[in-house]
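Let me begin by presenting the structure, written as structure tokens, before commenting on it.
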2 protein chains.
Amino acid sequence: MSKVLVSMDQLSTTLSALADPTRRAIIARLAAGEATVNELAAPFDMSLPAVSKHLKVLERAGLISRGRNAQWRPCRLEARPMKEIADWIEPYRRFWDGSFDRLESYLQEIQGKESDQG
Amino acid sequence: MSKVLVSMDQLSTTLSALADPTRRAIIARLAAGEATVNELAAPFDMSLPAVSKHLKVLERAGLISRGRNAQWRPCRLEARPMKEIADWIEPYRRFWDGSFDRLESYLQEIQGKESDQG
DNA sequence: AGGTTAATTAACTGATGAGTAAAGTGCTGG
DNA sequence: CCAGCACTTTACTCATCAGTTAATTAACCT
């Protein structure tokens with residue numbers, strides 16, 4: 001009864017790539033401009049292969065791309081997958097800002113009272 | 001040489017909770033209003049305990065809260081953790097929209113040329 | 001009390017993820 | 001040509017995750 005995961009959808013891949021503080025830190029660093037693997041690895045208390053793996057995850061998610069320059073592999077940010085997250089999350093905005101918030105909590109109070117009595 | 005993960009930061013927890021299509025579908029359903037566990041489970045081809053586990057993940061991430069109404073445990077959306085994602089992602093917006101995009105690629109081209117020659 | 005429904009917990013399995021050390025690849029420069 | 005630098009790949013460990021079935025808790029209803 002093998003359940004094999006065939007392929008992850010783009011949004012899941014992007015979110016899980018970003019659900020790691022090391023990888024988010026790498027992304028943040030790359031927002032300031034290209035960097036090599038060693039440069040990216042420097043701030044972290046982990047081996048180079050570990051960082052290399054993180055970069056591979058980011059690359060597979062399309063969040064970075066890598067060039068080649070002699071023995072260096074400069075990484076650059078590709079923010080488009082993040083746009084997908086922003087687009088996905090946008091419709092939920094109404095749940096946390098604007099007057100809807102107050103309406104929500106009002107409805108919650110009402111509902112709570114009704115449950116207490118019913 | 002045990003490396004124990006003490007506790008995940010909020011953003012990582014939220015992102016990893018949302019990096020699963022089942023959980024995102026649950027969230028989407030809850031955007032339409034409260035629902036019980038059985039109602040939430042109905043659309044999925046998986047056991048009730050599996051859904052229950054997904055709900056626990058969402059609850060631990062603060063993305064849902066659960067009330068009690070007789071034998072039902074109605075779930076409701078709590079979108080605030082999503083706001084954290086939106087806030088985190090906001091500064092990257094400049095990387096995918098507006099004229100900055102063109103400026104970026106221009107700068108990257110320049111940089112590439114310079115590297116080739118240096 | 002006892003049966004039914006709603007949901008969670010427990011115990012287990014197989015897959016994936018994050019890290020390591022050590023070996024391999026590919027390029028540069030004396 | 002070969003020493004060394006910049007990485008990547010491999011092979012391994014250990015923890016966590018997603019799912020299962022079976023058992024348990026909790027509330028309702030007659």
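Sequence lines set the chain letters: A, B, ... in the order given, protein chains first and strands last, and positions in each chain run from 1.
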Between D:dA11, C:dA6, D:dA26, spot the one nearest the side chain of B:W72, thanks. C:dA6
Taken to the nearest whole Å, CG/A:L55 to C1'/D:dT9 is 14 Å
Run the side chain to side chain contact (heavy atoms under 4.5 Å, CB included) check on B:T13 and B:E84 step by step: do they pass? CA-CA 11 Å; B:T13 303; B:E84 280 186 45; over 6 Å; no
Within this structure, what is the CD-to-C1' distance between B:E34 and C:dA7, rounded to whole angstrom? 16 Å
Tell me: CZ of A:R66 to C1' of C:dG26, nearest whole Å? 15 Å
Over all strands shown, is B:T36 touching base, sugar-phosphate only, or nothing at heavy-atom distances under 4.0 angstrom? sugar-phosphate
Measuring to OP1 and OP2 of D:dG19, would you say a side-chain N or O of B:S47 lies under 4.0 angstrom away? no
Length of the CG-C1' vector between A:D45 and C:dT20, whole Å: 13 Å
Electrostatic pair A:E59:A:K56 at N-O distance under 4.0 angstrom: no
With respect to the side chain of A:V37, which nucleotide from D:dT20, D:dC7, C:dT8 is positioned closest? D:dC7
On the nucleotide D:dA18, are OP1 or OP2 found under 4.0 Å from the side-chain N or O atoms that B:R23 carries? yes
What integer distance in Å separates B:L48:CG from D:dT24:P? 18 Å
Distance, rounded to the nearest Å, where B:M8 contributes CE and C:dG17 contributes P: 12 Å
So A:L77 and A:M82, side chain to side chain contact (heavy atoms under 4.5 Å, CB included) or not? Walk me through it. CA-CA 10 Å; A:L77 183 58; A:M82 282 201 243; 4.1 Å; yes
Starting at the 5' end of DNA chain C, which residue's closest nucleotide do you reach first, A:V57 or A:Q71? A:V57
Among the nucleotides C:dA6, D:dA18, D:dT8, whichever has the atom closest to the side chain of B:N38 is C:dA6
Which nucleotide in the list D:dT8, D:dT21, C:dG19 gets nearest to the side chain of A:H54? C:dG19
Establish, with yes or no, whether the OP1 or OP2 oxygen of D:dT9 is under 4.0 angstrom from a side-chain nitrogen or oxygen of A:K56. yes
Rounding to a whole Å, what distance do you find between A:L40:CG and D:dT8:P? 10 Å
Which listed nucleotide (C:dA21, D:dC28, D:dA18) is nearest to the side chain of A:P49? C:dA21
Side-chain N or O of B:S52 less than 4.0 angstrom from OP1 or OP2 on C:dT8? yes
Check the pair B:R73, B:T36 against side chain to side chain contact (heavy atoms under 4.5 Å, CB included), reporting the backbone distance first and the verdict last. CA-CA 6 Å; B:R73 311 293 312 276; B:T36 67; over 6 Å; no
Using atom types as modelled and distance alone, determine if a side-chain donor or acceptor of B:R24 lies under 3.5 Å from a backbone N or O of B:L18. yes
Can you tell me which nucleotide in D:dT8, D:dC28, C:dA18 comes closest to the side chain of A:R73? D:dT8
Kindly point out which of D:dT20, D:dC28, D:dT9 is positioned nearest to the side chain of B:K53? D:dT20
Are A:D87 and A:K83 ion-paired here, with the side-chain N under 4.0 Å from a carboxylate O? yes
Which whole-number value in Å describes the distance from A:E39 CD to D:dA6 P? 10 Å
Looking only at side-chain atoms of B:M46, point me to the closest of D:dT20, D:dA18, C:dT20. D:dT20
